[in-house]
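Worksheet: the structure to be examined is printed underneath.
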Amino acid sequence: MEPRSPGQPAWKWQVLSLLSLCGWGWVSGQIRYSVVEESELGTVVGNVAQDLSLKVADLLGRRLRLGSAESRRYFAVSLASGTLLVNEKIDRESLCGASAGCVLPVQVVIETPLELFRLEVEILDLNDNSPTFPIAQRTVRIAESATVAARFPLESAQDPDVGTNTVSSYRLSPSPYFSLDVKKLKDGKLFPELVLEQALDREDKREHHLVLTAIDGGNPARSGTAQITVVVVDINDNAPVFDQSVYKVSLPENTPVGTLLIQLNATDPDEGPSGEVQYSFAVHTSDSVRKLFDLDPPTGAVRVQGAVDFEEAGFYEIHLRARDRGFPEMEGHCVLQVEVEDVNDNSPEVLLTSLVNPVPENTPLETVVGLFNVRDRDSGANGEVSLGIGSNLPFKIKSFENHYALITRDKLDRESVSQYTIELTARDEGSPSLTTETTILLNISDVNDNPPSFSQTSYNAFLSENSPPGSLLCTVSASDPDEGENSRLTYSIAGSEIEDAPASSFVHINPDNGNVYAQRTFDFELLQVLQIPVAVQDSGSPPHSSNVTVYVFILDQNDNAPVILHPVTGRPVAAPQRIPQSVPAGYLVTKVTAVDADSGHNAWLSYSLLPQSTDPSLFRVAPYTGEIRTARGFQDTDLAAQKIVVLVKDNGDPALSCTVTLMVSLEDKASEENSKSRDFLTNPKEKPDLTLYLIIALVAVSMVSLVTFIVLSAKCLRKGDRHSCCCLSNSPSRDIFKHSSPKLQLNTDGTLKYMEVTLRSTDSQSQCYRTCFSPGSDRSDFTFMRPMSCPPPSALAMETDTFLSGTNTSNESGQHSSAQIRYAIPEELTRGAFVGNIAKDLGTDVAKLAAANLQVLSDSDSQYFSVNVNTGIIVVNDRIDRERLCGQNLRCFLHLKLAIENPVEFYRIEVEILDINDNPPAFPSSEITLQIYELASLGARFPIHQAQDLDVGSNALQTYHLSANENFNLNVKARTDGSKFPELVLERALDREHRAVHHLVLTAEDGGSPPRSSKTRIAVQVLDANDNHPVFDKSSYQARLVENSPSGTLVIKLNATDMDEGPNGEVRYSLGSHNSDALRRIFSIDYQTGEIRVQGNLDFEEASVYEIEVEAKDMGSPTMEEHCSVTVEVTDVNDNPPEVVLTSFSSFLSEDAPPGTVVAVIHVKDRDSGEHGKVQCHLPRSLPFKLRKDFEHQYSLLTSQELDRESVFQYNVTISASDLGIPSLSRYTVLSITVADINDNTPQFERASYDVVLKENNQVGEILVTVSATDPDLDQNSRLSYSVLSSPGKGFREVAF
């Protein structure tokens, strides 16, 4: 058997490996080949045998092969030809990426003898890749305001090929707007940029479609394309434009609020907010127009929002503007002309010019009591007005043009109607007709046309006689239908004497209340009736009076006892009454007659017999007649002489009485006695003469009345040519009161007091003035006064005819004439300045003019003139300001109407107020600020607030002048009403960055002589447009940075400036689109400050140079950008420890390997550069190994002495690789080497000999002894087999184990 046979193949391989490793140091060389990538399998790379000077026939015997697995993957060696062949398709891009060189190391090993060759196969690039763009369709947004030559970076095409096969050029499809510029970076990359060759206009072309072609340098060349869509970003470079520059509409006045007037339409070719149009009123639109019309900003609908009144304005010129919402805003303008159509919407107005209120009730017929001016603000037939009143009034209306007079047509009587409610109805001629009713309360003033009247035709007063003085007799009461002073009454005694005695001695009357008092004690017996003439007089002028008789009846008091008339008493002896004795009963003896001075009951007498009579039973007395008759016949017993005592008693209280004694003598002859008894009646002693007195008085009164009537009739007949009737006013008595002053005198008579009123004539005269007013007295230009005699009522009636003479009524048309006079004066004349001579211009002398009762009727608003009636000259009475009177009307007139009497004539005077240049043009503000977009197109117009000049005609504003400047011109537009407003016209493009504010002076000048002017300063603020892109300080920046700089380390601070302002000038920084994702992970940029800082791991070994593309964008709309490049050089530091790579390693080493045996091939590398990348390797000195430097970065681990596995079966070899950096970095690699056992040791018994004692008769198979041997070798080499070399004798046999 052959115990070592199983281990022989392993041993052989180990020996060959060691030999091959050892041979590395013996034969080495480097050969370079090149092969094109993507070569087919079997493509010959090179002839290794030939290049290594090997014989092809020996290759098989020498066992030529490729060493590493990577070499064997891509290549193979043909032993038949000795050529190196392609074993697999090689893709250079996947192997080496974008590296310029791509080399694959190939190890060639010849085992017999061992030789190691290092080959390098350069993989040549094949143009097998076309350039590709990251985005096949890219959109580039460029503002249409971008300046020519502006650059816009594009994304570079990517080509995995290298060298000439990579992208070598770019081509842009033809375009008049763009060209292509290609920048070459330091790393050789090409960077395409679009260059603007012609200004863009989005409204002309919204998008530009370009094709960018990237072409490589291969042969044939390959290319790739990208579709580039340039979207022109809109800027606000177009102002809105109206469909029409002038719109014309008409509408009736009083159109309801909300009615659509017109729908404006303005278009803006811009888009977005720049094309959104907002409508508004222009700066020239007045506030009144803004109140009348509403403009909806979004839609442009113009609607009525106020009361459109034709009378306020019949025409409106509205300036409108359409403004977009871009930045800055741009606007267009148009004019809307609105013509208002008149409708009959204004009721007539009745203006009270003058009113006599109250009107005296004695006003003559045809007297003017009121003047009215009627007007209607409508025009045409709608403004023609007629005025009327009710027919049941004592007034009528007469007209002259638009003036109306209210005159009397019937007599007025205040006592019948004290107030008239006059309804004035003004009616226009419109359809439908409108009316206005004006109510006038016209009071009738009282005149003293009614005399006082007593409540009774006569008064009876009854006064008891003997009443004390001062007793109230009666109260007379009178009333006067007049009022006021005319009705204030004064009572007095009409006559100065009563009963031939002063009236004041009898009675006194209270002048205020009519109480009549007795001034003395009256005796009824002396005076029974007192006739008192009482007069009452009012306080009017002239006064009126009335008389009444007060009959004072003295009431009798029983103060007188009866008086016996018969028989007569007082005689010395009373003759007895003789009667026949034979008289029968009832015989009239006598009659007692008595009287009582009292009256009434007091005078009623009764008769009776007193007991003192001789025989009361013989006689009886008639109680009421006093007849004494016999009660019976006489008897003889009766005494012949009888005494009869008769008591006469009145009926008063207390009663008074008297007695009479009669003596009766009885005789025989009765007839004589009877005749004598009647003597006292038939033959009275005295006859009263009362009847005679009454007859005489009656005749006298009748004669006086007849004479008075005749005299008055004659006077009336003589004065009938002047007055229609004979009035009390012309009577002498009236003159006495009129021309006399009352004098009050108090007289006293003892305790009796009375007043006496006397009238004294006065010679004082008063002057009567008459004030003449025009029909428009509240708005009169003329007011004048003249002294005159107070006219009679007929003169007032003539005034009415004078005013109404212009009415041309059918019965008066031929009685009046009219003419027109015109004057012209400049405004602002001084007070008293001459206007015109009315007398001269009317062709009459001043005296006649003064006598013609000149009246002036005016329509003006103030008293600007006065007239001297004595000279006929009109002069200025007050300051006349034409602008205040007539505003902007070209001609200004004051219309005056003159009326004169005798004969009645009318004249119309027009005073034209001529304008003087007293007002300079005035701007609303002394400073105006305009904001104009710097990209405003040439010819753009910018309206300015116009100047106002209150003057008119040639004195009004005529022209504007603009101060000299380079950018603006002035255009002056004229409206339909003749007003002018200026516009700035842009003549030269603005540049805010060159000049932000333009200071101009606008002068407005009128046409007066000398001309007057005013100025306003215009500050044109140029609004910024985003027309400047940011500009870096440098086009490229250099920075140096140590690798491994901590995160946040400042690399560089960029600075880009933008000359624009606001958001347009705010710069934001960012990394450009060409920067790789890896670069973006390493660097960051602050978008506000432009600081580039480290944010990732900066490794020199990854890249030593970074080229960063930075873009700066502004915040304008649209944004503009600029680019720069920042080259960052990374400085290497010793931050990478060496790397130890085992190229070949045998972990098992035969212990019989000779010294110098290659254990491992070590490749060391350090990613650092320079000294930092140089590496040295070291081993501990105690090990039986050593390092040999084969190449720059390759070491071989060799055995330095013989090995003995049995002494050390395993070695942990620590290889230390240290670079030369400061500080030095090291890396340790431990190789665990196991010493492979060889059978270099014989087995050894534990003893040199063994002694065995064996008993006899032992059993077969019984163990005699156990021998033990050991072998320090391992595995098979240590597995022992025991055997007996020689048989000791019989009974033993050889056993192997």
Side-chain angles (χ1 to χ4, degrees), residues 140-154 177-179 181 183 193-203 230-239 270 272-274 324 326-330 930-938 940 966-968 986-998 1020-1037 1053-1073 1085-1090 1109-1126:
V140 179
R141 300 174 63 85
I142 301 178
E144 61 177 328
S145 60
T147 57
V148 174
R151 294 173 176 268
F152 305 95
L154 302 174
Y177 294 93
F178 297 97
S179 64
D181 182 52
K183 286 185 177 181
E193 290 181 331
L194 275 183
V195 181
L196 185 63
E197 296 292 340
Q198 181 178 327
L200 299 175
D201 186 357
R202 190 201 66 84
E203 290 69 36
V230 177
V231 177
V232 182
V233 180
D234 184 49
I235 65 168
N236 198 20
D237 59 339
N238 291 281
D270 295 326
S274 299
D324 57 30
F327 180 80
E329 298 173 339
M330 299 189 73
L930 288 180
Q931 294 182 334
I932 301 178
Y933 188 34
E934 68 174 322
L935 293 184
S937 58
L938 297 181
E966 297 179 353
N967 297 86
F968 295 96
L986 186 61
E987 296 290 338
R988 184 177 178 183
L990 299 174
D991 186 357
R992 189 203 65 82
E993 291 72 33
H994 174 65
R995 192 172 184 181
V997 180
H998 296 260
V1020 178
Q1021 295 180 352
V1022 182
L1023 298 180
D1024 184 52
N1026 196 19
D1027 58 340
N1028 291 280
H1029 56 74
V1031 177
F1032 284 98
D1033 295 342
K1034 303 176 182 179
S1035 59
S1036 61
Y1037 295 83
K1053 182 176 182 180
L1054 304 178
N1055 183 37
T1057 56
D1058 194 321
M1059 296 177 66
D1060 297 323
E1061 65 177 357
N1064 297 333
E1066 294 180 9
V1067 178
R1068 296 292 184 265
Y1069 301 89
S1070 62
L1071 298 179
S1073 59
I1085 187 169
D1086 189 289
Y1087 72 97
Q1088 287 183 323
T1089 63
E1109 178 197 350
V1110 179
E1111 64 182 13
K1113 289 185 179 181
D1114 56 32
M1115 300 298 292
S1117 178
T1119 60
M1120 298 190 73
E1121 62 186 43
E1122 183 64 12
H1123 301 80
C1124 75
S1125 62
V1126 179

(message) Donor-acceptor pair, distance only, cut-off 3.5 Å: does the side chain of Asp1024 make one with the backbone of Glu1061?
(response) yes
(request) Provide the closest heavy-atom pair for Ala199 versus Tyr177 in the form atom of the first, atom of the second, distance. (result) O-CE2, 3.6 Å
(request) State the OG-NZ distance between Ser1125 and Lys1034, to the nearest 0.5 angstrom. (result) 11.5 Å
(message) Testing the basics here: between Asp234 and Ser274, what is the closest heavy-atom pair and its distance to 0.1 Å?
(response) OD2-CB, 3.2 Å
(message) How close do Tyr933 and Asn236 get, counting heavy atoms only, and between which atoms?
(response) CE2-O, 3.1 Å
(request) State, to 0.1 Å, how close Leu1023 and Arg992 come at their nearest heavy-atom pair, and which atoms those are. (result) C-CD, 4.3 Å
(message) Between Glu1122 and Val1031 (side chain of the first, backbone of the second, donor and acceptor by atom type, cut-off under 3.5 Å), is there such a pair?
(response) no
(message) Keeping Asn238 on the side-chain end and Asp270 on the backbone end, is there a donor-acceptor pair under 3.5 Å?
(response) no
(request) Taking the side chain as every heavy atom from C-beta outward, state whether Leu196 and Thr147 have any atom pair closer than 4.5 Å. (result) no
(request) Give the ring-plane orientation class for His998 versus Phe968, where under 30° counts as parallel, over 60° as perpendicular and anything between as tilted. (result) perpendicular
(message) Using modelled atom types and a 3.5 Å cut-off, is there a donor and acceptor pairing between side-chain atoms of Asp324 and backbone atoms of Met330?
(response) yes
(request) State the CG-NE2 distance between Asp1114 and His1029, to the nearest 0.5 angstrom. (result) 10.0 Å
(message) When you measure from the side chain of Tyr1069 to the backbone of Ala1056, do you find a donor-acceptor pair of N or O atoms at a distance under 3.5 Å?
(response) yes
(message) Quick one, Glu934 with Asp991, criterion side-chain contact (heavy atoms from CB on, under 4.5 Å). Give me CA distance, side-chain angles, the key distance, then yes/no.
(response) CA-CA 6 Å; Glu934 68 174 322; Asp991 186 357; 3.6 Å; yes
(message) Please give me the minimum heavy-atom distance between Lys1113 and Thr1119, naming the atom from each residue.
(response) CD-OG1, 4.4 Å
(message) Taking side-chain contact (heavy atoms from CB on, under 4.5 Å) as the criterion, tell me which of Arg202, Arg141, Glu203 meets it with Val232.
(response) Arg202
(message) Please give me the minimum heavy-atom distance between Pro153 and Glu1121, naming the atom from each residue.
(response) CD-OE2, 3.7 Å
